[in-house]
Amino acid sequence: MRAGAKISTFSLDRVRVEHRPIGPAESFTLVLPSPPSTNNLFINVDGRGRVPTGNYARWRKQAADCLWEQRKRFVPGPVTIGIELEDRGDGDLDNCAKAVIDLTVQNQL
């Protein structure tokens, strides 16, 4: 500390703290291209291990661009994600959820 510097004596005794649940935030919808199935996200490459497929890499780029065009805000705390997909007849919702959830995490939504 510098010679002659004043010491701050701020006290938290007079700070009011309100303990209450945080209300639900306003919901918003993001429209993304249909993701590839979880079964088609990665391939094994000798010497490199598991790497994203070309199809998955293209989808991530396209979906990230869509996110940034529609971005509403950062979501602090717990979230609920609802995913609606066209019925392509080639799998279940769970096979598409991983790509969408990973995308939101990678882009800090």
Using a 3.5 Å cut-off and no angle test, enumerate the donor-acceptor pairs between side-chain atoms of residues 59-67 and protein atoms at least two apart in sequence or in another chain.
| from | atom 1 | to | atom 2 | distance (Å) |
| --- | --- | --- | --- | --- |
| Trp59 | NE1 | Pro33 | O | 3.0 |
| Trp59 | NE1 | Ser34 | O | 3.3 |
| Lys61 | NZ | Asp65 | OD1 | 3.0 |
| Lys61 | NZ | Asp65 | OD2 | 2.9 |

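Applying the side-chain hydrogen bond (donor to acceptor under 3.5 Å, both in side chains) test to every pair with at least one member in residues 39-55, sequence neighbours left out, gives these pairs: Asn44-Arg50.
Linking Ile, Leu, Val, Met, Phe, Trp and Tyr residues whenever their side-chain heavy atoms come within less than 4.5 Å places Ile83 and Leu30 in a single cluster. Transitive grouping of hydrophobic side chains (ILVMFWY, heavy atoms separated by less than 4.5 Å) keeps Leu41 and Ile43 in distinct clusters.
The side-chain heavy atoms of Tyr56 and Asp102, taken from C-beta on, include a pair separated by under 4.5 Å. No side-chain heavy atom of Thr38 sits less than 4.5 Å from a side-chain heavy atom of Cys96.
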